[in-house]
Asks: 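First the structure, which I've put down as structure tokens, then a few questions once you've had a look.
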2 protein chains.
Amino acid sequence: MSLWVRTMSSNGSSPFVECQVPISNIEQILLGHGSGGKLTSQLIERIILPAFCNPALEALDDQAVFSLDGARLAFTTDSYVITPIFFPGGDIGELAVNGTINDLAMGGARPLVLSLAFILEEGLPISDLTRIVDSAKRAAERVGIQIVTGDTKVVGRGSADKVFINTSGIGVIPPGVNLSSRHVRPGDAVLLSGPIGDHGVAIMSTRQGLEFEGELMSDTAPLHDLAAAMLAASRDIHAMRDPTRGGLAASVVEIASRQRVGIEIEERSIPIRDTVRGACEILGLDPLLVANEGKLVAFVPERNADVLLDNMRQHPLGRDACRIGKVTAEHPGFVILHTPVGGDRVLDLPFGEALPRIC
Amino acid sequence: MSLWVRTMSSNGSSPFVECQVPISNIEQILLGHGSGGKLTSQLIERIILPAFCNPALEALDDQAVFSLDGARLAFTTDSYVITPIFFPGGDIGELAVNGTINDLAMGGARPLVLSLAFILEEGLPISDLTRIVDSAKRAAERVGIQIVTGDTKVVGRGSADKVFINTSGIGVIPPGVNLSSRHVRPGDAVLLSGPIGDHGVAIMSTRQGLEFEGELMSDTAPLHDLAAAMLAASRDIHAMRDPTRGGLAASVVEIASRQRVGIEIEERSIPIRDTVRGACEILGLDPLLVANEGKLVAFVPERNADVLLDNMRQHPLGRDACRIGKVTAEHPGFVILHTPVGGDRVLDLPFGEALPRIC
């Protein structure tokens, strides 16, 4: 995705400064280490970052960017461990393709090729695998990307959970496109492409066996075309993020803390479907922390905001796009949420696990 | 690695023509589907291949090769599920880096960048993760490759086995280098870089808690430098393979059956350490089927064979290189093993599982 590269592109500041339990006192991997919250950040900053820090990485954002013979390539990897593997609106195969496409797209890259590596649990019905492969195939075809290399491994019963998929992807960044959270500046408008929380809530209600009135479906979708349309309207976009694990909150909190800017969000401007809002109340979830798989947040200079918003709304995946806030020079490092009742609160991430295995 | 791409580059013929149990009669994933033998081949040919077949892939070999602005890039992916995660001679972190380096190197590519994606089981000691990360770091440093992007996921206890790693890699193929099993021709000499079976036997004896006289250690090593030295001596090399899952047998049987050539192997020429041979007898393993992680097989025109063999022997990883056989126009599709007692036998792969989770 890579949370880890995001963290590694930090300008030395920790995005999550306060922490009740330092990792040095935790001796085992906890589910929370995969949550996208503070524990994940600690794991990456204390163990992964010191090992693999390198100049190429330091300059990077959501995905690695490197130059080759004048071309700029984006490279990203993501493993998918979602449960259940089939869910309303999609399955792990489609998710794995779309998710890696989106990681490339958020860097402004045109997706070029994908890899697809399966870890299968002994006993997985062949019909399930066939269905997943078919779904990944269709997702790749929709984007016009080729899956050019792959791998299959099998482990014994109880050594994995049905199927895990890793997709890695390579994309080409067109000349003049230069998206990076490092470019986010006070004065930027924060745009959101549509309602949040659909994916996470669809997964959680499926797991809990809950049925809600109205449709709850994952929003899994490839964002490359929406991103390309926005960049065609204006190259002057500072950064894009797809708010997956950790939700919208993780995306904005990470940028605020890493880039030492303030971000102000108008809570009432954030579109949330009624069904999702209701389900969140019943499930005890904060929709701001719930994963999305087909939404993007863009940080754009104020002068381009209206043009880009119009442009987003003309795209099927941006129909409900809206402006949700702005970047400020005040309260650097913090996201302030203006609540509908007129109060302000600092938006923070949970320490540990809210939604395990959501992607 | 990718067995699947290897299979997909098939010229329409199945590498494993006879089969007792067609996959259509198997309804669940078996351990054997990950063995590198016939079941793996069936899985790939019946389910994966029909979905993802595309022209770019059809032209490919061990790794995907695609062109970008005149440069030829190699792209490969591999997941590592080996158990135990620490073993004599290495660990899963080093293996994951070396393995993907080797997949690039076997295409003649200079490794450029790697990704590293972890799936961690809840409860994994942080100290184990630290050790693995450190080992991957050192392996990457030895090769001079940068790990530029990554991912971490966590699943609950019992939903994975300690740690799985996916590494994907991108390499650049120098001008004039064109390695592919499609280029293997009758008259080629078959060269092997050193003794076989070390990795698989080290893993199996660790699992079984067996101790043998003499050292049993994995041969995990990066082969990029040996491959580059060979290509510096002569660009006229037809194909290279690293005989991992499925062993030396899988590498030669796949090439024979796919390229419709015959291969003759002198069994007495194949170097096998005494300890490995002894352990194989006790464990009931055929060393030809046992995985290697630091050896290569090269198919080279006879006129270059002696020069290349001398060249390999000057490299630390090719000290014990030897000529083990030749490619023939006779018995196309089959590998004939000339045994030390003067007999001949057709070398074939097992149907199912010999060594589960060996890499």
Side-chain angles (χ1 to χ4, degrees), chain A residues 1-2 4-5 26-31 33-34 40 43-44 47-48 51-52 54 56-57 63-64 66 68-69 71 75-79 81 113 115 117 119-120 122-126 129-130 133-134 137 146-156 158-161 164 166 168 170 356-357, chain B residues 1-2 4-5 26-31 33-34 40 43-44 47-48 51-52 54 56-57 63-64 66 68-69 71 75-79 81 113 115 117 119-120 122-126 129-130 133-134 137 146-156 158-161 164 166 168 170 356-357:
Chain A
M1 49 105 116
S2 303
W4 133 13
V5 168
I26 299 175
E27 294 184 346
Q28 293 189 331
I29 291 293
L30 310 175
L31 270 180
H33 282 119
T40 307
L43 180 74
I44 291 163
I47 297 181
I48 309 283
F52 300 117
N54 59 56
L57 206 58
Q63 60 300 107
F66 62 97
L68 183 74
D69 295 343
F75 182 30
T76 189
T77 190
D78 222 339
S79 293
V81 297
V113 291
S115 67
I119 297 173
L120 307 173
E122 182 187 17
L124 177 77
I126 297 274
L129 179 62
T130 306
V133 165
D134 187 54
K137 170 198 178 177
Q146 289 188 338
I147 294 175
V148 294
T149 189
D151 182 44
T152 52
K153 292 287 175 356
V154 180
V155 299
S159 293
D161 187 9
F164 301 148
N166 178 283
S168 300
I170 304 175
R357 297 183 59 190
Chain B
M1 45 102 116
S2 307
W4 133 10
V5 169
I26 299 175
E27 295 184 347
Q28 293 189 330
I29 292 293
L30 309 174
L31 270 179
H33 282 120
T40 307
L43 180 73
I44 290 163
I47 295 181
I48 309 283
F52 300 118
N54 58 57
L57 208 58
Q63 60 299 107
F66 63 97
L68 183 74
D69 294 344
F75 182 31
T76 188
T77 191
D78 222 339
S79 294
V81 297
V113 291
S115 66
I119 297 173
L120 307 173
E122 181 187 19
L124 177 78
I126 297 275
L129 179 62
T130 306
V133 165
D134 187 55
K137 171 199 177 174
Q146 290 188 336
I147 295 176
V148 294
T149 189
D151 182 45
T152 52
K153 291 287 174 358
V154 180
V155 298
S159 293
D161 188 8
F164 301 148
N166 178 283
S168 300
I170 305 174
R357 297 182 59 188

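Just so we're on the same page: letters track the sequence lines, and every chain starts at 1.
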Asks: State the CD1-CZ distance between Ile170(B) and Phe66(A), to the nearest 0.5 angstrom.
Replies: 3.5 Å
Asks: Of the listed residues (Leu124(B), Val154(B), Ile29(B), Thr130(B)), which shares the most heavy-atom pairs with chain A below a 4.5 Å separation?
Replies: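 Top count of heavy-atom pairs under 4.5 Å with chain A: Ile29(B).
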Asks: Look at Val155(B), Val81(B), Asp161(B) and state which one has the largest set of heavy-atom pairs under 4.5 Å with chain A.
Replies: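 The candidate making the most pairs under 4.5 Å is Val155(B).
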Asks: Name the region of Asp69(B), side chain, backbone, both or neither, that has any atom closer than 4.5 Å to a heavy atom of chain A.
Replies: side chain
Asks: I'd like to know if the side chain of Asp151(A) and the backbone of Ser79(B) have a donor-acceptor N/O pair within less than 3.5 Å.
Replies: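 Yes.
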Asks: Nearest 0.5 Å, what's the CZ-CD1 distance between Arg357(B) and Ile119(A)?
Replies: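 Here the rounded value is 9.0 Å.
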Asks: Under 4.5 Å, counting heavy-atom pairs only, tell me which of Ala71(B), Pro125(B), Ala160(B) racks up the most with chain A.
Replies: Ala160(B)
Asks: Report the C-alpha distance between Lys153(A) and Asp78(B) in whole Å, list the side-chain angles of each, state the deciding distance to 0.1 Å, and finish with yes or no for side chain to side chain contact (heavy atoms under 4.5 Å, CB included).
Replies: CA-CA 9 Å; Lys153(A) 292 287 175 356; Asp78(B) 222 339; 2.7 Å; yes
Asks: Where does Leu68(A) contact chain B at under 4.5 Å (heavy atoms): side chain, backbone, both or neither?
Replies: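 The side chain, not the backbone.
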Asks: Set out, in order, the CA-CA distance, both residues' side-chain angles and the distance that settles side chain to side chain contact (heavy atoms under 4.5 Å, CB included) for Asn166(A) and Phe164(B), then state yes or no.
Replies: CA-CA 11 Å; Asn166(A) 178 283; Phe164(B) 301 148; over 6 Å; no
Asks: What's the spacing between Thr149(B) OG1 and Phe52(A) CZ if we round to 0.5 Å?
Replies: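 The CZ atom of Phe52(A) is 12.0 Å from OG1 of Thr149(B), to the nearest 0.5 Å.
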Asks: Go through it in stages, so that I can follow the logic: the residues are Ile126(A) and Ile47(B), the test is side chain to side chain contact (heavy atoms under 4.5 Å, CB included), and I'd like the CA-CA distance, side-chain angles, deciding distance and then a yes or no.
Replies: CA-CA 9 Å; Ile126(A) 297 274; Ile47(B) 295 181; 3.5 Å; yes
Asks: Nearest 0.5 Å, what's the CZ-OG distance between Phe75(A) and Ser168(B)?
Replies: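 The CZ atom of Phe75(A) sits 5.5 Å away from the OG atom of Ser168(B).
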Asks: Chain A heavy atoms under 4.5 Å from Leu30(B): which part of the residue, side chain, backbone, both or neither?
Replies: backbone
Asks: Can you name the closest pair of heavy atoms from Gly156(B) and Leu31(A) and give their distance?
Replies: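 Between these two residues, the closest heavy atoms are N-CD2, 3.6 Å.
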Asks: Between CD1 of Ile48(A) and CG of Leu129(B), what distance do you get to the nearest 0.5 Å?
Replies: 5.5 Å
Asks: To the nearest 0.5 Å, tell me how far Leu120(A) CG sits from Gln28(B) CD.
Replies: 12.5 Å
Asks: Considering only heavy atoms from C-beta outward, does the side chain of Thr152(A) approach that of Thr40(B) to under 4.5 Å?
Replies: yes
